[in-house]
Amino acid sequence: MKRVTEKTFSQSFSIVGREFFDAGKVSTEIKTMLKELGVDAGIIRRIAIAMYEAEMNVVMYATEATVTLELSPKAIRIVVDDRGPGIPDVELAMQEGYSTATTEMREMGFGAGMGLPNIKKNADHFRIDSVVGKGTRLEISISMN
Amino acid sequence: MKLKDVVERLHLSVLTGQDRLDQVVTGGYASDLLSDVIANSRPNSVWVTMHIHENIVAVAVLKDLAGIIIVQGRQPAPETLQKAAKEKVVIMVSDLPAFETIGKLSPLFEGGT
Ligand SMILES: Nc1ncnc2c1ncn2[C@@H]1O[C@H](COP(=O)(O)OP(=O)(O)OP(=O)(O)O)[C@@H](O)[C@H]1O
Ligand SMILES: [Mg+2]
């Protein structure tokens, strides 16, 4: 894999599945961090949307995940690697409106089937790989300009 | 328009973030789908919702919302208030249902969101 050469910053976070009380914590931490680093507000908004949706998917569907944030002068790259059930049909899951959210999740306002499409919409580069019974790996990047 | 003017005009009760009512509000957004709010709400808007659980707080923080207006006099869960106080998110309650709350809110802002 090609790596960003002048990498200036990299940090890992972990998300615990089914932990609704803390849900959104990693996204909020990343947003605060990018703000302190002086990243453009428009880019932070896109990262916040994508990161929140990725984090909520881990909370709703997976067991746990590691998030890696990499910041270079050119781009922000985020990898969310989870251990969980995986996605049997990624193409279907990417369709707006498709959701397997439970009644309980829907009562909390989740399950619009908008998460994955919105992550893609807000990223310059988007890649999702999933293995049923193992987990899902989501990789996005957003260029700085 | 300041948040305190919105509170006054809509007769809202302010449950958290009483010290943040001087901030400027530029519009509103109404939805009970969190993905919709995350994708489409604008910073410095108030969010009108039925939800009372703690996940609404992170949405408000991530989107730099001016505050959350919970409709129909619903009382947020204690965890929601705890979290909102910690994150400095303003939570307000309207005794009216969503339709009437939005009806009073929207003329305060020309051009919607
Ligand atoms: N990390 C994941 N592990 C397993 N399944 C997933 C994961 N992420 C998404 N999915 C599956 O893909 C579907 C679509 O995900 P998407 O985020 O687009 O919508 P949603 O989570 O159902 O609803 P919303 O995000 O609008 O609240 C989910 O319902 C779920 O079945
Ligand atoms: Mg989702």
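Quick caveat, the model's predicted, so the values are computed rather than measured. Throughout, a chain's letter reflects where its sequence line sits, starting with A, and its residues are numbered from 1.
A 6.0 Å sphere centred on CD of B/Gln18 holds more than 12 heavy atoms belonging to other residues, nucleotides or ligands.
When the side chains of ILVMFWY residues are joined at heavy-atom separations under 4.5 Å, either directly or via intervening members, A/Val131 and A/Val79 end up in two distinct hydrophobic clusters. In the hydrophobic clustering of this structure, B/Leu105 groups with B/Val14; members are Ile, Leu, Val, Met, Phe, Trp, Tyr whose side-chain heavy atoms approach within less than 4.5 Å, directly or through other members. By the criterion of side-chain heavy atoms lying less than 4.5 angstrom apart, applied directly or through intervening Ile, Leu, Val, Met, Phe, Trp or Tyr residues, A/Val26 is not grouped with A/Val16; the two fall into different hydrophobic clusters. By the rule that hydrophobic residues join a cluster once side-chain heavy atoms approach within less than 4.5 Å of another member, A/Ile128 and A/Met60 end up as members of one cluster.
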Write out all chain B-chain A donor-acceptor pairs shorter than 3.5 Å, or none if the list is empty.
{"residue": "B/Leu34", "atom": "N", "partner": "A/Gly109", "partner atom": "O", "Å": "2.9"}
{"residue": "B/Ser35", "atom": "OG", "partner": "A/Glu53", "partner atom": "OE1", "Å": "3.3"}
{"residue": "B/Ser35", "atom": "OG", "partner": "A/Glu53", "partner atom": "OE2", "Å": "2.9"}
{"residue": "B/His53", "atom": "NE2", "partner": "A/Met108", "partner atom": "O", "Å": "2.8"}
{"residue": "B/Val61", "atom": "O", "partner": "A/Lys31", "partner atom": "NZ", "Å": "2.8"}
{"residue": "B/Asp64", "atom": "OD1", "partner": "A/Lys31", "partner atom": "NZ", "Å": "2.7"}
{"residue": "B/Asp64", "atom": "OD2", "partner": "A/Lys31", "partner atom": "NZ", "Å": "3.4"}
{"residue": "B/Lys83", "atom": "NZ", "partner": "A/Phe21", "partner atom": "O", "Å": "2.3"}

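B/Asp19 is linked by a salt bridge (charged side-chain N to carboxylate O under 4.0 Å, His left out) to nothing, counting only residues two or more places apart in sequence or in another chain.
Ranked by heavy-atom pairs under 4.5 Å with chain B, the first of A/Phe110, A/Phe21, A/Phe20 is A/Phe21.
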